[in-house]
Amino acid sequence: SVDRIANARLRDRVVTAEAAAALIQPGETVAMSGFTGSGYPKAVPVALAQRIEAFHARDLPFQISLMTGASTAPELDGALAKADGIAMRMPFQSDPDARNRINEGKLDYIDIHLSHVAQHVWFGFYGQIDTAVVEVSAIREDGSLVPSTSVGNNKTWLDLASKVIIEVNEWQPAGVDGMHDIYYGTALPPHRKPIPLVQANDRIGETSLRCDPDKIVAVVRTNGPDRNSPFSPIDATSEQIAEHLIAFLKHEVAKGRLPANLLPLQSGVGNIPNAVLAGLAKSGFRDLAAFTEVIQDGMLDLLRDGVLSYASCTGFALSPQANETFKQNIDFYRERIIMRTQEISNHPELVRRLGCIGMNGMIEADLYGNVNSTHVMGSRIMNGIGGSGDFARNGFLSAFLSPSTAKNGSISAIVPMVSHVDHTEHDVSVIVTEQGLADLRGLTPRKRARVVIDNCAHPDFRDQLNDYFERASRDSYGKHTPHLLPEALSWHQRWLDTGTMKA
Ligand code: 0RQ
């Protein structure tokens with residue numbers, strides 16, 4: 001087979017993962033590739049975790065600040081968190097070990113909008129990047145780098161890092177070459193220009209990443225799979241949520257507010273968004289487009305069946321089975337998928353111009369439409385805001401989806417006041433649970449409360465919510481957004497004290 005490293009100079013820099021990891025020093029800021037379990041480095045982070053453990057065994061300090069595109073995998077976040085090797089982490093993670101350390105207060109975590117990461121690093125808000133560790137699928141003869149299954153912030157990492165370690169992963173299909181679109185037109189204010197993308201499938205950049213070869217200090221060959229975790233079968237609750245949302249989209253088409261083929265879709269990851277995608281396939285929609293962050297199984301199916309004409313993303317989150325289908329039909333998918341940097345896939349200017357329809361999961365929503373996507377009981381982080389805010393604030397419509405209860409019915413996802421705010425009442429158009437859909441557009445706060453309680457709350461919590469809302473409407477200091485402050489968060493405290501939000 002053809003050598004994936006076609007550049008002779010860089011072929012000479014091939015070393016073991018251990019040798020590459022030895023180039024990373026304590027206290028460094030390290031920027032790695034990876035987005036929702038795709039395209040992350042597979043070998044150097046594990047070797048780095050071992051190096052860190054060896055230091056710790058000799059009572060020597062060793063931690064790094066770690067930045068990525070989004071969530072990675074046990075071999076990256078998991079291994080480094082277990083080794084107690086991360087001092088600061090940003091911007092999005094979903095690893096159980098890292099999450100536990102963050103919630104124990106032992107790992108500093110900064111949760112920012114995914115579209116902000118690259119520019120905030122360019123602005124200098126996070127200091128100098130010492131090392132970039134980036135997985136690619138191949139190195140071209142001219143030294144340019146063909147990304148693998150995610151692009152994330154790799155352009156920024158390669159541009160700004162003092163030294164670069166490249167992993168060339170032969171497991172990634174060679175046929176991804178041509179799928180990427182790396183935009184080099186970004187500049188810093190006050191010199192920014194409009195981004196010349198007017199349709200979700202426009203190509204505005206290059207198919208590979210540039211990198212100054214003098215900065216590449218090591219190249220490591222790998223051959224290992226992305227995280228590729230399986231999806232659970234679609235359950236009844238997810239299916240009902242999907243049905244409500246699809247009925248709403250059809251209604252919007254009938255009213256003439258959306259075209260028959262909708263507007264570019266953004267879909268979060270998880271079982272509910274997957275059910276929505278499966279539902280779209282069954283409901284007769286055609287010629288849809290996606291302008292989203294992540295392509296998961298449901299979107300590959302829609303592309304295969306012609307329901308979706310094309311999809312723009314920055315990474316994948318596939319089951320092992322879907323990954324096989326992807327690899328076997330890579331020529332088909334390359335014609336229909338464009339992978340961009342996450343500053344472009346999530347760019348507010350583009351999300352606004354294209355009129356994306358955002359569909360994301362949530363932890364809880366309150367009577368007035370504020371949404372918490374990240375913190376259980378206001379303090380325990382689950383994952384992070386990810387790209388949900390980029391799409392919620394800037395899209396044509398933004399829907400937040402969740403079962404109406406959590407933890408065996410002991411928690412209501414509809415609460416008097418959210419215990420943490422990621423999406424304000426100004427950014428949320430529609431809330432959907434298996435009970436129904438609340439269309440908040442054009443409604444005053446008190447009218448929103450009515451439809452949220454009537455359409456979305458679980459019957460077990462409806463009386464309690466009505467009681468709160470009625471008393472607040474009578475006794476609140478202000479009557480615009482009625483609240484009883486001593487009670488507003490009492491449901492959360494009750495759950496912490498007694499194990500249920502039920503009064
Ligand atoms: O926890 O597994 O311990 O039981 O949250 O909940 O219902 O399985 O739903 O996997 O879709 O996750 C908001 C976390 C939903 C996700 C969130 C607990 C529940 C369970 C997971 P257990 P479900 P999902 C694009 C967009 C932010 C990022 C985003 C998310 C766990 O959608 O991270 O939108 N969103 N990115 O028990 C207590 C509640 C709860 C609750 C759920 N009210 N109280 N626990 N849970 N609701 C992708 C990217 O940006 C990269």
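None of these values were measured; they are calculated from a predicted model. FYI, side chains are in, hydrogens and waters are out, and symmetry mates aren't considered; it's all heavy atoms of this structure. Both counts, for ligands and for their atoms, begin at 1 and track the order of listing.
One N or O on the side chain of Arg448 and one on the backbone of Leu443 form a donor-acceptor pair closer than 3.5 Å. Using a distance-only test at 3.5 Å, with no hydrogens or angles considered, no donor-acceptor pair links the side chain of Glu364 to the main chain of Asn372. Judged by distance alone, with hydrogens and angles left aside, the side-chain atoms of Thr292 form a donor-acceptor pair with the main-chain N or O of Ser267 at under 3.5 Å. A donor-acceptor pair is defined here as one N or O able to donate and one able to accept, closer than 3.5 Å; such a pair exists between the side chain of Asp181 and the backbone of Gly205. A donor-acceptor contact shorter than 3.5 Å is absent between the side chain of Arg336 and the backbone of Arg304. The backbone N or O of Val415 sits nowhere less than 3.5 Å from a side-chain atom of Ser412 that would complete a donor-acceptor pair. Using modelled atom types, one side-chain atom of Gln464 and one backbone atom of Ala503 make a donor-acceptor pair closer than 3.5 Å.
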Task: Step-by-step salt bridge (charged side-chain N to carboxylate O under 4.0 Å, His left out) determination, Glu252 to Arg441 - done: CA-CA 12 Å; Glu252 290 302 296; Arg441 295 171 304 164; 2.9 Å; yes

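An N or O contact shorter than 3.5 Å links Gly387 to ligand 1 by distance. Polar contact check, Glu364 against ligand 1: no nitrogen or oxygen pair lies under 3.5 Å apart.
Under a 4.0 Å criterion applied to the non-hydrogen atoms of Asn383, ligand 1 contributes the atoms 14 (C), 30 (C), 33 (O). Using a 4.0 Å cut-off to heavy atoms of Ala406, the atoms of ligand 1 that qualify are 39 (C), 40 (C), 41 (C), 47 (N). Close approach of ligand 1 to Met362 (heavy-atom distance below 4.0 Å) involves ligand atoms 13 (C). Interface atoms of ligand 1 facing Thr36, defined by a heavy-atom separation under 4.0 Å, are 51 (C). Against a heavy-atom cut-off of under 4.0 Å, Met382 is close to the following atoms of ligand 1: 1 (O), 5 (O), 14 (C), 18 (C), 31 (C). Close approach of ligand 1 to Ser388 is summarised as follows: ligand atoms under 4.0 Å from at least one heavy atom of the residue are 29 (C), 34 (O). Listed by number with element, the atoms of ligand 1 under 4.0 Å from a non-hydrogen atom of Ile411 are 38 (C), 39 (C), 43 (N), 44 (N). Atoms of ligand 1 lying under 4.0 Å from at least one heavy atom of Gly386, given by number and element, are 50 (O).
Asp97 and Arg101 are not joined by a salt bridge, as no carboxylate oxygen comes within less than 4.0 angstrom of a charged side-chain nitrogen. Salt-bridge annotation for Glu75 and Lys42: absent, with no side-chain N of the basic residue lying under 4.0 Å from a carboxylate O of the acidic one. For the pair Arg471 and Asp467, the salt-bridge criterion is met [side-chain N within less than 4.0 Å of a carboxylate O].
Here the protein heavy atom with the shortest distance to atom 32 (O) of ligand 1 is Gly361 CA, 3.6 Å. Scanning the protein heavy atoms around atom 49 (C) of ligand 1, the nearest turns out to be Glu293 OE2, 3.4 Å. Here the protein heavy atom with the shortest distance to atom 26 (C) of ligand 1 is Asn360 OD1, 3.2 Å.
Of the listed options Met359, Lys407, His113, Lys407 places a heavy atom closest to atom 3 (O) of ligand 1. Among Ile363, Asp111, Asn346, Asn271, the residue whose heavy atom sits closest to atom 47 (N) of ligand 1 is Ile363. Here the shortest heavy-atom distance to atom 45 (N) of ligand 1, taken over Val371, Thr405, Val376, belongs to Val376. Within the set Gly384, Pro91, Ser410, the minimum heavy-atom distance to atom 27 (C) of ligand 1 is found for Gly384. Residue Ser373 holds the heavy atom nearest to atom 35 (N) of ligand 1 of all those in Gly270, Ser373, Pro403.
Of the heavy atoms in Ile385, only backbone atoms (N, CA, C, O) come closer than 4.0 Å to ligand 1.
Using a 4.0 Å cutoff on heavy atoms, Ile272 does not count as a contact of ligand 1. Assignment of Ser412 to the shell around ligand 1 is not supported, since no heavy atom sits closer than 4.0 Å.
Inside a 4.0 Å radius of atom 24 (P) of ligand 1 there is not any protein heavy atom. Distance remark: protein heavy atom present below 4.0 angstrom from atom 43 (N) of ligand 1. The protein does not reach atom 6 (O) of ligand 1 closely, with no heavy atom under 4.0 angstrom from it. Protein heavy atoms are absent from the space less than 4.0 angstrom from atom 12 (O) of ligand 1.
Judged by the 6.0 Å distance and 45° axis criteria, Lys502 is not positioned over the aromatic ring of Trp495.
Contact check for Gln342 versus Val151: no side-chain heavy atoms found under the 4.5 Å cut-off.
Open room surrounds CZ on Arg393; 12 or fewer heavy atoms of other groups in view lie less than 6.0 Å from it.
Between Phe326 and Phe316, the distance separating the two ring centers is shorter than 6.0 angstrom.
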